[in-house]
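Everything on this sheet refers to the single structure shown next.
Convention: sequence-line order gives letters A, B, ...; per-chain numbering from 1.
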Amino acid sequence: MQDNQDPNQAEQGDAIAQGYSPQTVETAAQRYWNTQHAYEVVEGDARPKFYCLSMLPYPSGALHMGHVRNYTIGDVISRFQRMQGKNVMQPMGWDAFGLPAENAAIKNRTAPAKWTYANIEHMRTQLQSMGYAIDWSREFATCKPDYYVHEQRMFVRLMKKGLAYRKNSVVNWDPIDQTVLANEQVIDGRGWRTGALVEKREIPQWFLKITDYAQELLDGLDTLPGWPDAVKTMQRNWIGRSEGLEIRFDVKDDEAPVAPLTVFTTRPDTVMGVTFLSIAAEHPLAQYAAQARPQLAEFIAELRQGGVSEAELETQEKRGMDTGLRAIHPISGEALPVYVANFVLMNYGTGAVMAVPGHDQRDWEFAQRYSLPIRMVIVDRNVIDALRAIKHDLSRGVGADPMRAALDGRSTDAYEVSSAVEQVEQFEQRILQQGAWTERGILVNSGEFDGMDFQQALDALATRFEAEGRGQRRVNFRLRDWGVSRQRYWGCPIPVIRCTRCGDVPVPEDQLPVLLPEDVAFSGVQSPLKADPEWRMTHCPSCGGAAERETDTFDTFMESSWYYARYTSPGATAQVDERANHWLPVDQYIGGIEHAILHLLYFRFYHKLLRDEGLVSSDEPARNLLCQGMVIAETFYRENADGSRDWINPADVEIQRDERAHVIGALLKADGQPVQIGGIEKMSKSKNNGVDPQSMVGKYGADTVRLFSMFAAPPEQSLEWNEAGVEGMARFLKRLWREVTTHAAQPDHPPTDTAALDDAQRILRRQLHETIQKVGDDFGRRHAFNTAIAALMELLNALGRFNDLSEQGRAVRHEALEAMVLLLNPVVPHISHALWQVLGHPETVLEDQPWPQVDASALVRDSVTLAVQVNGKLRATIELPCNASKEEAEAQARAQPQVMHFLEGLTVRKVIVVPGKIVNIVAG
RNA sequence: GCCGGUGUGGCGGAAUGGUAGACGCGGCGGACUCAAAAUCCGCUUGUGGUGACACAGUGGAGGUUCGAGUCCUCUCACCGGUACCA
């Protein structure tokens, strides 16, 4: 069986003598894979396809641990799936446009293009040192014209379809630098570099009509069982479908009618509780009212201060001002004040809301602050039901009694009525004093609608308003159209020509791409595109007259929304070709949870755009999604005299512990003096707690780094980097190496004869096959790589204790070691590649070896351990034959001394026997 | 603010409603060594007890269940997202 005829045996002998050398092993394996083109794939293959995709990296300069974790997960799944007989494609590319290149350009005075290309070269080398099974022949960078030309072509088609359009929208404006700022560049309402107070400014921008697909994007989530529920829930909430009524309020300025206000509400049942209206500062009516009211104009100007991010808008103090306009209540005819409020967003709904302080908490707080009336118009159904139970004569006009119509007209005595009315009054007092009651209930104080529930009120009001032409039923989405314009240089130019006569004209397809000049001087203030008249000035494709190019570029989410499709069709003249339908949808997508909403929604949207252009036939881009957690590490610092902190890298610190291993402090290795412990945080430059993957690979080898990143935590949780833990992984690989090489030095052995095994051999073989079963399930179904590795560690521990050098002992050991090398291969492919040869096989691509099969007969046990509980508390364990009956189990359990002791003086009421698990005796 | 998630020994984590703490790290003790490193073996949730064992214990408060780390309600802390970071 083990006849080592390999010509490389002498070389391996040296390797064995030298022990495990990661560098030698990894260089050799990677060289072999390259010469074999082991991970390049084509479509014409009998095996079923498996497209395994990891989110493409931004080339920020150096590989970080987050990348290593993401790509190692993808690589383990890729190699595992190939060992299951699939034709696996795992591509890689570069999300090469983006803000950091501009920031680096300002800092280092290099052109963004040059910086980006240098980073790509460096990071590709780093990625390759990790030994990922990537098909590098499909690689691309999104900043290259042969990539972005397709993005421009798609955009002009969307313009023609009416799915791309231009409108005004608000951005962060830095008045000193005279530039638009990203939300992350606004810190506490100020520009990050100038410190100037940021202002909101409206500018024209391009949008894609993602809202046309809102319903489909929502419904599509139900077709994705392989996506995490958290992601689907977040997307559902983000899309935010709601049903309600759109209602028009007539508005008067003094007594003169002005343009009416339209509001959308999901709570039309509260309409009789409206005591004022709130509108956004950008609302046309607010602008109108401000013309004649300097104080209001000043207030609106004040609201322009600060950034535009939702987090900032929603956490600021709620403020408002009366516009002086009066809205006419559509039913009561009452004149209601119209307020400008800073919490009403122009880009959500209609930019105006009807305020019901009695039944909306935000309106309640606003009403309190500005002394506006609060009205109860909904009462808890339980309160009403209590009243309805009382016999009550309604005919004796209760008049203003809020319960008038809610009560059912039967007679009762005065005492009960007054106690019932008291309940309602208490309810009303609670609303007035403690806050809005926002549940659905029964209408009161609502005239003809009294006594109705939510649905009845909705129907009645919709019918009435529709008949009057004053309102209608409407479905509203929280989702807004995708703004794709960026006032930046380092991005894909938007292929539009602005002509004073013809308007916005798309660049004709045969004139695409609109090239982004790469060799530019970049100061950070003005975009080189705007500054370059030669680039900007052109002719209108429509009338031939002088015209200007659009100088904005695309949001970089544009590139990352379709890269997955381009990988399938390298070299295609169109955006993708027929190969796309072979590979798509992606079978497994892997990336960070931080992309749960924006990227993953645009990615799904763009797939539908590709589909509607006839380029792909599927509805969704990815079947399965795995979101991995962050990589975090301990932080350390020293405080300076001025209170600022110098952050110290964990590699330069030594931890101090007391005799019980509690951490009591930390010292800087360089000077032996104490440093402060700053807590565990996401690896970042600012906290200097980043661990460089390259130095780790240099020190321990790629396999050890891969093993640790898969072992230290399950993939979807955050992973704490800990070098001592890395050393533990290196120890494991060393022991594996020793175990295999020592075994290989033993004489040949006959095949395993399962009938001839002694107890110890049978138990070891059973553990082996249990491990094969567990690892397959953990890798394939659960993606619980950490527990799979733990099971393999246990198996190696068992092998270490198994000192049987008999022929059958060696046979079982050989079976176990071969299986282990194959099971570990997805995680640590280099050492597996080498050890497979040590075990007597010729050099090969290990993914083409079949995955070890579980021998069901090896799993059979003749006895099983049961836990015995008394009233749910563990009191004993018993060993029973597997075929023991429930009665036998109960009898055995009751005979245990500890059980008898705890049952003393008690009556057994019930005995629960779960076969193979527990016996629980319930006694009292 | 809103949406989503997480919380278990000294630490990372395991336990797919059925023996809480697998596996790894750290610590302590031992073997080997002139010594150290490496390696190997043993112990390691807390409290009490020589011990067998007992009691407590999965952020906090309730609940469902024969049985809850796991399911439900409320609550606290932290993390991610919040539409121009990617």
Side-chain angles (χ1 to χ4, degrees), chain A residues 55 57-58 60 95 98-100 103 171-172 180-186 205 228-231 233-234 236-238 240 308-316 318 343 347 362 479-483 485-488 555-557 560 592-599 601-602 627 629-630 632 655 657-663 679 681-682 708 711-714 716-729 731-732 734-735 738 782 784 786-787 789-794 797 800 865-869 871-874 876-877 898 909-912 914 916-922:
Chain A
M55 288 182 187
Y58 178 78
S60 55
D95 188 16
L99 204 49
N103 295 335
V171 294
N172 301 305
V180 174
L181 296 179
N183 283 335
E184 73 159 3
Q185 298 172 322
V186 178
Q205 311 226 61
D229 287 333
V231 172
T233 306
M234 281 190 265
R236 267 187 208 106
N237 293 338
W238 185 260
V308 299
S309 73
E310 195 204 13
E312 185 174 338
L313 294 174
E314 291 282 326
T315 49
Q316 63 189 266
K318 316 252 175 300
F343 57 84
N347 52 22
R362 196 160 58 176
L479 179 69
R480 310 196 299 254
D481 277 338
W482 176 12
S485 296
R486 295 293 180 269
Q487 296 69 46
R488 313 207 179 283
D555 176 9
T556 57
F557 275 129
S560 56
I593 186 69
E594 67 273 19
H595 295 295
I597 295 174
L598 293 181
H599 162 66
L601 197 63
Y602 296 144
C627 292
M630 297 174 305
I632 57 179
I655 303 290
R657 295 167 189 280
D658 67 11
E659 68 281 4
R660 298 196 71 156
H662 296 112
V663 173
E681 303 212 37
K682 180 177 176 173
F708 179 76
F711 176 73
E716 60 281 355
Q717 276 180 38
S718 58
L719 180 148
E720 189 186 328
W721 198 265
N722 166 274
E723 195 161 340
V726 177
E727 281 166 12
M729 298 303 106
R731 270 200 290 274
F732 169 73
K734 265 188 242 171
R735 287 176 58 202
R738 199 172 55 233
R782 299 176 67 214
N786 55 330
T787 53
I789 294 164
L792 287 161
M793 287 174 170
E794 287 185 80
N797 291 343
T865 308
L866 290 189
V868 181
Q869 300 180 335
N871 289 332
K873 286 199 176 197
L874 182 75
T877 56
Q898 277 303 106
R909 308 212 184 274
K910 198 172 173 185
V911 179
I912 286 142
V914 182
K917 300 269 188 193
I918 61 143
V919 178
N920 187 9
I921 301 168
V922 185

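Using a 4.0 Å heavy-atom distance criterion, A/Asn786 is classed as a sugar-phosphate-only contact. Counting any heavy atom pair closer than 4.0 Å across all strands shown, A/Thr315 reaches a base atom. Heavy atoms of A/Asn237 sit under 4.0 angstrom from primed sugar atoms or phosphate atoms, though from no base atom. Backbone-only contact: A/Glu794 has heavy atoms under 4.0 Å from sugar-phosphate atoms and none from a base. A/Ile918 comes within contact range of at least one nucleobase, with a heavy-atom separation under 4.0 Å. Contacts of A/Ala712 with the nucleic acid, taken as non-hydrogen atoms under 4.0 Å apart, involve only primed sugar atoms and P, OP1 or OP2. Note on A/Gln487: a base of the nucleic acid sits closer than 4.0 angstrom, heavy atoms only. Note on A/Tyr58: only backbone sugar-phosphate atoms sit closer than 4.0 angstrom, heavy atoms only; bases stay farther off. Contact annotation for A/Leu313: no contact, since no heavy-atom pair falls under 4.0 Å across all strands. Counting any heavy atom pair closer than 4.0 Å across all strands shown, A/Phe557 reaches a base atom. When heavy atoms are screened at a 4.0 angstrom cut-off, A/Arg782 is found touching base atoms of the nucleic acid. Counting any heavy atom pair closer than 4.0 Å across all strands shown, A/Ser485 reaches a base atom. Nucleic acid contact class of A/Gly483 (heavy atoms, under 4.0 Å, all strands): sugar-phosphate only. Residue A/Asn871 is out of contact with every strand shown, counting any heavy-atom pair closer than 4.0 Å.
Distance, A/His595 NE2 to B/C79 P: 19 Å, rounded to whole Å. One interatomic measurement links the two molecules: CD1 of A/Ile912 to P of B/U65, which rounds to 12 Å at whole-angstrom precision. Between the CG atom of A/Asn183 and the C1' atom of B/C84 there is a distance of 6 Å, rounded to whole Å. One interatomic measurement links the two molecules: CG of A/Asn347 to C1' of B/U82, which rounds to 12 Å at whole-angstrom precision. If you measure from atom CD of A/Glu720 to atom C1' of B/G10, you get 13 Å, rounded to the nearest angstrom. Between A/Gln898 atom CD and B/A54 atom P the separation is 5 Å, expressed in whole Å. At whole-Å resolution of the value, CE in A/Met793 and P in B/A14 are 14 Å apart. One can place NZ of A/Lys734 at 14 Å from C1' of B/C40, the figure rounded to the nearest angstrom.
Set against B/G18, B/A14, B/G4, the side chain of A/Met234 has B/G4 as its closest nucleotide. Of the listed nucleotides (B/C66, B/A83, B/C40), B/C40 has the atom at the smallest distance from the side chain of A/Arg735. Looking at the side chain of A/Arg486, the nearest of the listed nucleotides B/A86, B/G24, B/C84 is B/C84. Closest to the side chain of A/Arg488, out of B/G24, B/C66, B/C84, is B/C84. Comparing B/G80, B/U19, B/C66 against the side chain of A/Val922 picks out B/C66 as the nearest. You'll find that the side chain of A/Lys917 is closest to B/G18, out of B/G80, B/G5, B/G18.
Of the P atoms belonging to B/U65 and B/A54, the separation is 28 Å, rounded to the nearest Å. Here the separation of B/C71 from B/G18, taken at their P atoms, is 11 Å to the nearest Å. Atom name P, nucleotides B/C55 and B/A68: the rounded distance is 16 Å, in whole Å. The separation of B/U58 from B/C11, taken at their C1' atoms, amounts to 16 Å, rounded to a whole angstrom. The separation of B/G13 from B/A22, taken at their C1' atoms, amounts to 10 Å, rounded to a whole angstrom. If you take atom C1' in B/U8 and the same atom in B/G59, they sit 10 Å apart, rounded to whole Å. For the P atoms, the distance from B/U45 to B/A20 is 14 Å, rounded to whole Å.
Taking 4.0 angstrom as the limit, A/Asn797 places a side-chain polar atom (N or O) nearer than this to OP1 or OP2 of B/G24.
Using a 90° window around 0 for the glycosidic torsion, B/G48 falls outside it and is classed as anti.
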*Start with the C-alpha distance between A/Arg735 and A/Asn797, add both sets of side-chain angles, then the distance that settles side chain to side chain contact (heavy atoms under 4.5 Å, CB included), and finish with yes or no.*
CA-CA 9 Å; A/Arg735 287 176 58 202; A/Asn797 291 343; 2.9 Å; yes
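Scanning all heavy atoms of the two residues, the minimum distance from A/Thr877 to A/Ala867 falls at CG2-CA, 4.3 Å.
For A/Gln205 against B/C84, a side-chain-to-base donor-acceptor contact under 3.5 Å is present. For A/Arg909 and B/C66, a side-chain-to-base donor-acceptor distance below 3.5 Å is absent, hydrogens and geometry of angles not being considered.
Using bins of under 30°, 30° to 60° and over 60° for the plane-to-plane angle, the ring pair A/Trp721/A/Phe708 lands in the perpendicular bin.
Of all nucleotides present, only B/C76 satisfies the Watson-Crick or G-U wobble test against B/G7, with each distance under 3.5 Å.
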